[in-house]
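The chains referred to below are lettered A, B, ... by the order of the sequence lines, with proteins before strands, and numbering in each begins at 1.
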Amino acid sequence: MSASYSGNNAAKAGKIVNILKARFGEIPWWPGDTEEVMIGAILTQQTRWENVEQALQLLKERNLCTMAALNTADIPAIEAAVRCTGFYRIKTRRLKALAAFVVETCEGTAGMDTLPTATLRDGLLRVNGIGEETADSILCYGFGRPSFVIDAYTEHIARCAGITAPRSSLKHLFESVLEEEKTHVYHQAHAHIVEYAKRWCTKKRCNGCRIMALNG
DNA sequence: GACCAGGTCCTTG
DNA sequence: CAAGGACATGGT
């Protein structure tokens, strides 16, 4: 059986995707409109999602859950709402930077919608505080673009599966095995990986390599 | 009390 | 370029 998953990296990536899809089926993942996803993408950096939900709720209650509002809001008001997500000072600065980019540079999310994915991605990456994972999360879940999200879990699972490619090429690798332009497939594939890794791969004990032994 | 959470930036060697 | 530190609250 080992021969069945000793092939090249793309074959292994494809197997991960198919096995986890068979195991989890359809699972809900990252709800919210475009602007809420953008905000959540920054707040979830190095933080549990449950804490992000609390902050999003506070932001909504205080009418701060839009780019326009964040762009003009007082720093302390934003900090108070996002404190429960940790790193609240730097995250407030990042939210401000993103809001300025959206409102001033793009003239709102409607303007961003018209940009090609590559252009939009480059723009997001230029915002201080937005790296590859945050940018791809925004593109994939906020704008419905097929831009696969590579996070620490994905890299970990890839290693467990024997994929030898460096992290920098994992995005391209997974995109090569996913149906083109099918955003929903991208959404679910990432969700499945996170769901599996969160449950079975901790620092203390890891069963990641067992993925490849499951039926897919 | 120690350790970790769906990263990113900045500084050093 | 790789490695190390800073950022900070909340849950186990």
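Other residues, nucleotides and ligands place more than 12 heavy atoms under 6.0 Å from the CZ atom of A:Arg167. Heavy-atom contacts from other residues, nucleotides or ligands closer than 6.0 Å to CD of A:Glu61 number more than 12.
As a whole-Å value, the separation of A:Leu43 CG from C:dT9 C1' is 12 Å. When the C1' atom of B:dG6 is taken as reference, atom OH of A:Tyr186 falls 19 Å away, rounded to whole Å. Rounded to a whole Å, the CD atom of A:Glu79 is 13 Å from the C1' atom of C:dT9. The interatomic distance linking A:Glu155 (CD) with B:dA5 (P) rounds to 14 Å, in whole Å. Following rounding to the nearest Å, A:Arg89 (CZ) and B:dT8 (C1') show an atom-to-atom distance of 17 Å. Protein atom OH of A:Tyr88 is 10 Å distant from nucleotide atom P of C:dG10, rounded to whole Å. Straight-line distance from the OH atom of A:Tyr196 to the C1' atom of B:dG6: 17 Å, rounded to whole Å. Rounded to an integer number of Å, the gap from A:Glu195 CD to B:dG6 P is 11 Å.
B:dC10 and C:dA8: their P atoms are spaced 14 Å apart (whole Å). Remark: the separation of the C1' atoms in C:dG4 and B:dG6 is 22 Å, to the nearest Å. Separating the P atom of B:dC4 from that of C:dG5 is a span of 15 Å, rounded to the nearest Å.
Here the side chain of A:Arg94 is nearest to one of B:dA5, C:dT9, B:dT8, namely B:dT8. Of the candidates C:dC7, C:dG10, B:dG6, C:dG10 carries the atom nearest the A:Cys84 side chain, counting heavy atoms from C-beta on. Closest approach to the A:Phe87 side chain among B:dA5, C:dC7, B:dT8 is made by C:dC7 (side chain taken as heavy atoms from C-beta onward). Looking at the side chain of A:Thr134, the nearest of the listed nucleotides C:dA8, B:dG6, B:dT8 is B:dT8. With distances taken from any side-chain atom of A:Asn128 to the nucleotides B:dC10, B:dG7, B:dC4, the minimum falls on B:dC10. The side chain of A:Arg83 approaches C:dT9 more closely than any other nucleotide in the set C:dG11, B:dG7, C:dT9.
Along DNA chain B, the nucleotide nearest to A:Leu125 and the one nearest to A:Asp151 differ in position, and the one closer to the 5' end is contacted by A:Asp151. Place A:Arg48 and A:Val127 on DNA chain B by their nearest nucleotides, and A:Arg48 ends up nearer the 5' end. Nearest-nucleotide assignment on DNA chain C puts the 5′-proximal partner with A:Gln46, out of A:Gln46 and A:Gln54.
If you check every strand for non-hydrogen atoms under 4.0 Å, A:Lys91 touches nothing. Heavy atoms of A:Glu132 sit under 4.0 angstrom from primed sugar atoms or phosphate atoms, though from no base atom. Across all strands, A:Ile42 comes closer than 4.0 Å to no nucleic acid atom at all (heavy-atom distances).
Ion pairing between A:Asp136 and A:Arg121 holds under the 4.0 Å rule for side-chain N and carboxylate O. Ion pair A:Glu195/A:Arg199 not flagged as a salt bridge, since none of the NZ, NE, NH1 or NH2 atoms sits closer than 4.0 Å to an Asp/Glu carboxylate oxygen.
Pairing for B:dG1 is absent, judged as Watson-Crick or G-U wobble with the two contacts each under 3.5 Å.
Taking the six-membered ring where tryptophan is involved, the planes of A:Phe148 and A:Tyr186 are perpendicular, since the angle between them exceeds 60° and thus also 30°.
Distance CH2/A:Trp30 to CD/A:Glu36: 10.5 Å, rounded to 0.5 Å.
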